[in-house]
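For reference, the structure discussed in these notes is given below.
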Amino acid sequence: MGKEDFIRVYNKLLDFFGYQNWWPVHNNTDPFIGISIGAILTQNTSWKNVEKAIENLIREDLLDLEKLDKISQENLQKVIKPAGFYVRKAKTIKEFVKKIKNIKKEEITRDFLLSIHGIGKETADSILLYALDKPYFVVDAYTKRIFSRLGFFDEKLSYNQIQEIFHKNLPVGIEIYKEYHALIVALGKNFCKRKPVCTGCPLFDNCKFRIYNV
DNA sequence: AGCCAGGCCAAGC
DNA sequence: GCTTGGCATGGC
């Protein structure tokens with residue numbers, strides 16, 4: 001599959017879903033903090049649950065580096081509980097906040113983020129792309145599932161290999177990286193689920209796997 | 001009433 | 001290096 005194919009898929013998704021304008025940002029909060037915390041909270045978790053946790057954080061006025069640094073891990077667990085995996089996530093947020101306070105935003109690198117326990121490649125790239133405007137394509141479960149079903153590449157490729165494919169086949173730019181990933185999530189949520197809903201899928205004609213419930 | 005969600009890590013090959 | 005199990009809530 002070549003560049004035209006990746007662009008064709010992008011355009012079809014864009015035509016169908018329209019611009020997604022990710023990342024969802026909340027009122028009166030520092031976008032960097034909100035996006036970073038959201039990226040940690042949404043690990044293997046539906047965004048609806050994450051929203052509940054973020055609402056709690058906003059209500060407690062906690063979307064702030066100093067306040068997150070001050071609150072105890074135990075209390076933070078309670079606040080973010082609806083997002084699930086709250087023990088680990090609270091620990092990760094605490095470490096993130098602690099480390100981030102001692103560094104300038106311009107100095108935040110992928111390796112720096114990956115050194116934080118509980119932040120892996122996808123979370124790091126989400127923060128880099130959506131919170132720091134750096135050109136890292138985000139690879140998630142939907143990306144693997146959708147493009148392997150399309151027949152573009154094998155689902156078993158590593159994270160870095162898949163990311164490299166997107167970096168090579170798309171014009172470099174944060175806007176297209178942001179929008180493409182958001183559109184992939186839209187397709188994954190609405191059509192290309194674990195159990196796919198192929199009827200009405202905007203990529204039906206492009207897909208090698210259009211064998212389900214049609 | 002199960003199954004699933006915008007992963008990550010540790011342990012064991 | 002790759003695979004597996006644990007982590008947890010709430011929506012559908």
Side-chain angles (χ1 to χ4, degrees), chain A residues 9-10 13 17 19-26 31 34-57 59 73-97 99 110-132 136-149 153-164 166 174 176-197 203 212-213:
Chain A
V9 165
Y10 173 75
L13 292 174
F17 290 109
Y19 281 100
Q20 304 294 298
N21 294 315
W22 264 24
W23 191 283
V25 176
H26 301 80
I35 292 168
S36 301
I37 301 302
I40 292 167
L41 291 177
T42 198
Q43 291 169 357
N44 203 38
T45 302
S46 68
W47 185 252
K48 298 222 167 182
N49 285 11
V50 175
E51 277 187 326
K52 292 178 186 300
I54 291 182
E55 283 166 18
N56 290 348
L57 287 166
R59 176 158 24 80
Q73 196 170 297
E74 292 70 27
N75 284 335
L76 183 56
Q77 286 177 21
K78 292 176 191 160
V79 178
I80 66 170
K81 195 162 192 169
F85 304 121
Y86 50 84
V87 175
R88 173 178 294 264
K89 286 174 180 175
K91 194 179 293 183
T92 300
I93 290 171
K94 292 294 288 179
E95 187 182 338
F96 172 80
V97 168
K99 287 197 170 181
R110 193 171 195 255
D111 282 339
F112 170 82
L113 292 170
L114 290 175
S115 75
I116 297 167
H117 190 85
I119 293 187
K121 291 169 185 170
E122 187 192 331
T123 308
D125 288 336
S126 296
I127 293 172
L128 289 165
L129 179 62
Y130 290 102
L132 295 168
Y136 289 83
F137 196 88
V138 176
V139 177
D140 66 347
Y142 289 139
T143 312
K144 293 182 185 176
R145 184 195 298 159
I146 290 169
F147 286 87
S148 63
R149 283 177 178 167
F153 52 73
D154 190 326
E155 186 159 19
K156 297 200 183 302
L157 291 184
S158 71
Y159 185 101
N160 291 340
Q161 286 175 314
I162 293 176
Q163 186 180 53
E164 196 178 333
F166 282 93
I174 56 171
I176 189 168
Y177 287 4
K178 286 182 181 180
E179 197 54 40
Y180 208 154
H181 174 65
L183 288 165
I184 285 168
V185 173
L187 187 76
K189 279 181 177 168
N190 292 291
F191 295 99
C192 211
K193 311 176 184 189
R194 276 260 279 258
K195 193 175 175 179
V197 180
L203 300 183
Y212 298 94
N213 54 358

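Residue numbering restarts at 1 for every chain, and letters A, B, ... go by the order of the sequence lines.
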Q | Distance (rounded to the nearest 0.5 Å) between T123(A) OG1 and Q43(A) CD | A | 3.5 Å
Q | Start and end of chain A contact along DNA chain C [non-hydrogen atoms, under 4.0 Å] | A | dC7(C) to dC12(C)
Q | Nearest-0.5 Å distance, OH of residue Y136(A) to OH of residue Y130(A) | A | 15.5 Å
(Q) Could you tell me if the side chain of T45(A) sits less than 4.5 Å from the side chain of K89(A), heavy atoms only? (A) yes
Output a table of nitrogen or oxygen pairs between the protein and nucleotides 10-12 of chain B separated by less than 3.5 Å.
none

Q | Close side-chain approach of Q77(A) and Y86(A), heavy atoms under 4.5 Å | A | yes
Q. How is F85(A) classified with respect to the nucleic acid when contacts are heavy atoms under 4.0 Å: base, sugar-phosphate, or nothing?
A. base
Q: Check for a donor-acceptor pair, side chain of N56(A) on one end and backbone N or O of V79(A) on the other, with a separation under 3.5 Å.
A: yes
Q: Specify the separation, in whole Å, of atom OH of Y159(A) and atom P of dC9(B).
A: 13 Å
Q) For R194(A) and dA5(B), is the shortest distance between a side-chain N/O and OP1 or OP2 below 4.0 Å? A) yes
Q) Under 3.5 Å, is there a donor-acceptor pair between the side chain of E179(A) and the main chain of Q20(A)? A) yes
Q. Can you tell me how far P of dA5(B) sits from CG of L187(A), to the nearest Å?
A. 14 Å
(Q) Between I184(A) and D140(A), is there a side-chain heavy-atom distance shorter than 4.5 Å? (A) yes
Q.
What is the distance, to the nearest angstrom, from the NZ atom on K195(A) to the P atom on dA5(B)?
A. 13 Å
**Q.** 4.5 Å side-chain heavy-atom contact, H117(A) and R88(A)
**A.** yes
Q) Across the strands shown, which category fits V138(A) at heavy-atom distances under 4.0 angstrom: base, sugar-phosphate, nothing? A) nothing
Q | For F147(A), the option from Y142(A), F166(A), F137(A) that meets ring pair (Phe, Tyr, Trp, His ring centres under 6.0 Å) | A | F166(A)
Q.
Let me spell it out: for each of K52(A) and N44(A), pick the nucleotide of DNA chain C with the closest heavy atom. Which residue's pick is nearer the 5' end?
A. N44(A)
Q. Can you tell me how far C1' of dC9(B) sits from CD1 of I40(A), to the nearest Å?
A. 15 Å
Q) Within this structure, what is the CZ-to-P distance between F96(A) and dC8(B), rounded to whole angstrom? A) 14 Å
Q) Quick one: are L113(A) and D125(A) in side-chain contact, heavy atoms under 4.5 Å? A) no
Q: Please list, by residue number, the residues of residues 118-126 of chain A whose heavy atoms come closer than 4.0 Å to an atom of DNA chain C; answer none if no residue qualifies.
A: none
(Q) For the CD1 atom of I146(A) and the CG atom of L187(A), what is their distance to the nearest 0.5 Å? (A) 4.5 Å
Q) Base, sugar-phosphate, or nothing: which does N49(A) touch, judged by heavy atoms less than 4.0 Å apart? A) base
Q. Who does dG11(C) pair with, Watson-Crick or G-U, both distances under 3.5 Å?
A. dC3(B)
Q) Using purine N1 to pyrimidine N3 plus N6-O4 or O6-N4 for Watson-Crick, or N1-O2 and O6-N3 for G-U wobble, each under 3.5 Å, what pairs with dT3(C)? A) dA11(B)
Q) Expressed in angstrom and rounded to an integer, what is the separation of W47(A) atom CH2 from dG7(B) atom C1'? A) 14 Å
Q | dA8(C) to dG2(B) separation - P atoms, rounded to the nearest Å | A | 23 Å
**Q.** Integer-rounded Å distance: dC8(B) C1' and L113(A) CG
**A.** 15 Å
(Q) Determine whether a donor-acceptor pair (N or O, by modelled atom type, separation under 3.5 Å) exists between the side chain of T42(A) and the backbone of G38(A). (A) no
Q. For the pair made of CD1 in I127(A) and P in dG7(B), what is the distance, rounded to whole Å?
A. 14 Å
